[in-house]
Amino acid sequence: MAFSAFFSAPISFGCAGPAKLFINPCFNFPPSVAFLSSNPPPFHKAAFLPSSRFSSPLLKSRFSANIYSRAATEKSVHDFTVKDVEGTDISLSKFKGKVLLIVNVASKCGLTSSNYSELSHLYEKYKSQGFEILAFPCNQFGGQEPGSNEEIKQFACTRFKAEFPIFDKVDVNGPNTAPVYNFLKSSAGGFLGGLIKWNFEKFLVDKNGKVVERYAPTTSPFQIEKDIQKLLAA
């Protein structure tokens, strides 16, 4: 999968000055990436602007993403009800007091094996300390989650021994976006605003149901372990 080549260097935020965007010119988007628009993605144009023209206040601080929705600060993940893989309504309030890692998963992605393996390892290691992983299958990126809920569950549980909750397949972008994902994105806008970029984007949520961090699809679960430990100890 081509996504691993997304950036040639990270975006710099904070006190170092205006952010500068570095786009890998060798990167080609898969034709089926769901940007939900016939127009080019926003960064097609922005990638070639001088850095002095790319210094919007939105890029000066990672935390400025909160302006995307003031309402998001008044809610928490616990306010939402979702369907599990069996189609049963589940109130996320059942996870109050737990640290959550919420991930949009896919079964046929180049990131699938490493992510599922590492997620399963982290879950086994920290579940007794109040850690939960909430996996939401999504077929919007390259059509890489085409199976039924039952097939997805069988794949995750049989091949990767995944014991964490797997929910109903959802949209994470576009007009049919699941409400919980609208909340997650408005709480941590990230680059490209609210768009989820690919399979296995991750949101870390504290014990109060607030989003504290957002990670790119290419960030491995093991790279998040120290952040999980800090929230569990809080």
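Both backbone and side-chain heavy atoms feed into the values below; hydrogens, waters and symmetry mates do not.
For the pair Gln140 (side chain) and Val172 (backbone), a donor-acceptor distance under 3.5 Å is present. Side-chain N or O atoms of Glu145 include one that pairs as donor or acceptor with a backbone N or O of Ser107 at under 3.5 Å. Not a single donor-acceptor pair under 3.5 Å links the side chain of Lys210 to the backbone N or O of Val77. Looking only at distances, a side-chain donor or acceptor of Lys169 sits under 3.5 Å from a matching main-chain atom of Gly147. Here the side chain of Asp84 pairs a donor or acceptor atom with the backbone of Glu86 at under 3.5 angstrom. Distance alone, capped at 3.5 Å, is enough to place a donor-acceptor pair between the Lys202 side chain and the Phe200 backbone.
Taken from CG in Asn173 to OH in Tyr181, the straight-line distance is 10.0 Å, to the nearest 0.5 Å. Annotation: the span from Phe167 atom CZ to Thr88 atom OG1 amounts to 11.0 Å, rounded to 0.5 Å. Note that OG of Ser93 and CZ of Phe80 are 12.5 Å apart. Values are rounded to the nearest 0.5 Å. Expressed to the nearest 0.5 Å, how far CD of Glu118 lies from NZ of Lys125 amounts to 12.0 Å. With values rounded to the nearest 0.5 angstrom, Lys185 atom NZ is found 9.5 Å from Glu201 atom CD.
Considering all non-hydrogen atoms of both residues, Asn199 and Asn104 come closest at CA-ND2, 3.5 Å. The two residues Phe95 and Pro165 have their closest heavy-atom pair at CZ-CG, 4.4 Å. Closest of all the heavy-atom pairs between Ile196 and Arg214 is CD1-NH2, 3.7 Å. Considering every non-hydrogen atom in both Cys138 and Asp171, the closest pair reads SG-CA, 4.5 Å. Between Pro217 and Trp198, the closest heavy-atom pair is CG-CB, 3.8 Å. Ala162 approaches Ser120 most closely through the heavy-atom pair CA-OG, 3.7 Å.
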Could you give the side-chain donor-acceptor pairs of residues 226-234 under 3.5 Å, partners two or more places apart or in another chain?
from   : atom 1 : to     : atom 2 : distance (Å)
Asp227 : OD2    : Tyr215 : OH     : 2.6
Gln229 : NE2    : Tyr126 : OH     : 2.7

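Ring pair Phe155/Phe160 is perpendicular by interplanar angle, where above 60° counts as perpendicular and below 30° as parallel.
The number of heavy-atom neighbours closer than 6.0 Å to NZ of Lys127, taken from other residues, nucleotides and ligands shown, is above 12. More than 12 non-hydrogen atoms from other residues, nucleotides or ligands lie less than 6.0 angstrom from NZ of Lys207.
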Under the side-chain contact (heavy atoms from CB on, under 4.5 Å) rule, what do Asp168 and Asn149 come out as? Steps first, then yes or no, please. CA-CA 6 Å; Asp168 186 32; Asn149 281 356; 2.7 Å; yes

